[in-house]
Amino acid sequence: MPQQAVSADQMWRRMELRRRRWQIQNGRLLVDEPEAAVWWLNREIAELEAGQ
């Protein structure tokens with residue numbers, strides 16, 4: 001099964017989501033509901049990875 005090429009935009013989006021998740025988890029980015037934000041980010045990252 002051949003792998004699809006990942007566009008630069010998709011790669012950038014995934015890296016940006018991962019960076020924000022890291023920032024929230026390490027107290028570098030403050031949000032009202034960190035658990036909900038991390039849950040949403042995890043879901044978005046999983047959807048991007050599934051769409052590869």
Side-chain angles (χ1 to χ4, degrees):
M1 176 185 212
Q3 290 224 342
Q4 285 181 304
V6 179
S7 74
D9 289 337
Q10 290 172 325
M11 180 69 77
W12 180 261
R13 173 86 173 136
R14 189 170 61 216
M15 296 297 286
E16 182 67 20
L17 292 174
R18 286 180 177 172
R19 183 179 68 85
R20 289 192 182 164
R21 180 181 61 188
W22 181 90
Q23 289 176 326
I24 291 168
Q25 290 174 331
N26 290 285
R28 306 270 183 192
L29 179 63
L30 300 177
V31 295
D32 290 335
E33 297 183 30
E35 295 85 10
V38 169
W39 176 85
W40 182 83
L41 288 166
N42 285 338
R43 191 184 69 189
E44 290 292 311
I45 292 166
E47 286 178 7
L48 286 172
E49 290 174 349
Q52 283 186 4

Do the side chains of M11 and R14 get nearer than 4.5 Å, heavy atoms only? yes

Between the CE atom in M15 and the CG atom in L17, the distance rounded to the nearest 0.5 Å is 10.5 Å

Review item, side-chain donor-acceptor pairs of residues 18-26, under 3.5 Å, at least two apart:
unit_1: R18; atom_1: NH2; unit_2: E49; atom_2: OE2; d: 2.3
unit_1: R19; atom_1: NE; unit_2: E16; atom_2: OE1; d: 3.4
unit_1: R19; atom_1: NH2; unit_2: E16; atom_2: OE1; d: 3.3
unit_1: R19; atom_1: NH2; unit_2: E16; atom_2: OE2; d: 2.5
unit_1: R20; atom_1: NE; unit_2: E16; atom_2: OE2; d: 3.2
unit_1: R20; atom_1: NH2; unit_2: E16; atom_2: OE2; d: 3.3
unit_1: R21; atom_1: NH1; unit_2: N42; atom_2: OD1; d: 2.7
unit_1: N26; atom_1: ND2; unit_2: W22; atom_2: O; d: 2.8

Taking only residues two or more places apart in sequence, or in another chain, which ones meet D32 in a side-chain contact (heavy atoms from CB on, under 4.5 Å)? none

